[in-house]
Amino acid sequence: MSTSTPHPVPELTEYLRDSPSNWGKWGPDDEVGSLNYLTRDEVLRGIGHVVSGNVVTLQRLIGDPKGDPVWPSRTPAVRTMVSDESTWDSADAPQYPGGAHYADDKLEAFLQGSTQYDALGHAWYDGQLWNGYDARTTIGGLDRASIRPIADRGIVGRGILLDMARFRSKAALEPAETFTHEDLLACAAAQGVTIEKHDILIIRTNFLQRFFDLGDAFYEDFCEPGLTHSTELVRWFHEIELPNLVTDTIANEVTIDPESGIALPLHSALMRNLGVTLTELCDLEALADACAEHGQYTFLYVAAPLKIHGATGAPVNPIAIL
Ligand code: UVW
C-alpha cells in the first residue's frame, strides 16, 4: 500500500476534533445510527421510484473463477466441497432410506471479503466506537454495534446512483483519484437528478475492473479512488442525513487521504461519528447500464445483510428495483 506523505500524519482525535457527531441522537443504546432515518415514509418514497419493475442485484460473485478482489490484508473466500457423488464411492458413505445422495459445501470467508455491510463497530479511534461505546467491547466479538441490529432491521429506501466513472468520461477511475461532495452534486446534475435528504448514495467507479485486467499487479502501490475527507463534506453528509453509503470499491473512500496522509478517515468521520452505514465491494455494472439506458438514476434499494451474532460485518446481495 502506498503510504508516503509529505508531513507527519495527524492523529484522528485531533484531526476530527470539530467534526459533527450523532452520538446520543437515537439514545444511549442505539446500534444502527443513521439507518434510523429510513422510516416507513422513506420506504414508501423508495417504492415511489419504481417505474418498470426491473430488478438488478448488486452483489459481487463469491469464488469468482477470475478471482475475488479483497483488502490487501485479507484473503478471498475458500469454498470447500464436503460431499458430492464421489462420497458414495466409499463404503462408509451415509445411506439414507430411499437411496438419495446429496452435495454439501462450506465457506471460509472474511466477512468483509466480498459485497458486505460494515457494522458500526467495525472501525474506531480514541478507544470509542459509534455512540461512545468502549472499544474493548469488540474483544472476542462485538458486544455493541455489531452487524446483528442492522441485519435485524434491513435497509430499504430511495437509492440514487452517481456514476462517477461515466461522469468523468472514463471506463474506470484511476488509482488514488479523488472526488468531493461537490463532484457528487455535479454528477447528479449531469444525470438530471437531485440528491435528496435520506437518499442511499450509491457511487460507481468501476475501479475493480483493474483487478480483473491486472491480476496481482492490482495490489502494487494499492490506493483506491474515492471520496476525500473535508469538514465540509462531513457537514454535508450530516445535513442531508445520509443513512447509507454504497460503493463498488473495497473500502468506500480514497485509501490514503492525499492531504492529511490518514488512512480511511471517512470510516471514522462517517461511520464512527455520524453512524453512517458503509456498504462496500458492490458490482454496479448492470445497474449503471440499466440507469444509463433509461435515464433513470433513482430506484427502490433493498438490502438484508446476514444475521451473524457479534460480527463486524456481513455479506449481502443488495437489490435495486427500477
Ligand atoms: C477496512 O476495514 C480496511 O475496510 P472495510 O471497511 O472495507 O472493511
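Bear in mind that the values here come from a model prediction, so they are computed numbers and not experimental data. Order of listing sets the numbers, starting from 1, for every ligand and every atom in it.
Considering V156, I202, D199 as possible partners of Y301, the one that fulfils the side-chain contact (heavy atoms from CB on, under 4.5 Å) test is I202. Of the residues L184, L284, V246, the one that meets the side-chain contact (heavy atoms from CB on, under 4.5 Å) test with I203 is L184.
For the pair L322 and V50, the tightest heavy-atom approach, listed with the atom from each and the gap, is O-CG1, 3.6 Å. Residues F167 and D183 share a closest heavy-atom pair of CE2-O, 4.0 Å.
Remark: distances from the non-hydrogen atoms of E224 to ligand 1 are all 4.0 Å or more. Residue contact annotation: D118 has a non-hydrogen atom under 4.0 Å from ligand 1. Using a 4.0 Å cutoff on heavy atoms, T312 does not count as a contact of ligand 1.
Atoms of ligand 1 lying under 4.0 Å from any heavy atom of E280, numbered from 1 in the order shown and given with element: 5 (P), 6 (O), 7 (O), 8 (O). Taking a cut-off of under 4.0 Å to the non-hydrogen atoms of L264, the atoms of ligand 1 that pass are 3 (C). Atoms of ligand 1 found under 4.0 Å from any heavy atom of H267 (numbered from 1 in listed order, with element): 4 (O), 5 (P), 6 (O).
Between the D283 side chain and the E285 main chain, a donor and an acceptor come within less than 3.5 Å of each other.
Closest to atom 8 (O) of ligand 1 by heavy atom, among E253, H122, M271, is H122.
Note: W130 and W26 have tilted aromatic rings, judged against thresholds of 30 and 60 degrees for the angle between ring planes.
In this structure, L245 and L227 have side chains that are in contact, with non-hydrogen atoms separated by less than 4.5 Å.
On a distance-only criterion, Q112 and ligand 1 share no N/O pair closer than 3.5 Å. Residue I250 has at least one N or O atom closer than 3.5 Å to an N or O atom of ligand 1. Considering backbone and side-chain N/O atoms, R74 comes within less than 3.5 Å of an N/O atom of ligand 1.
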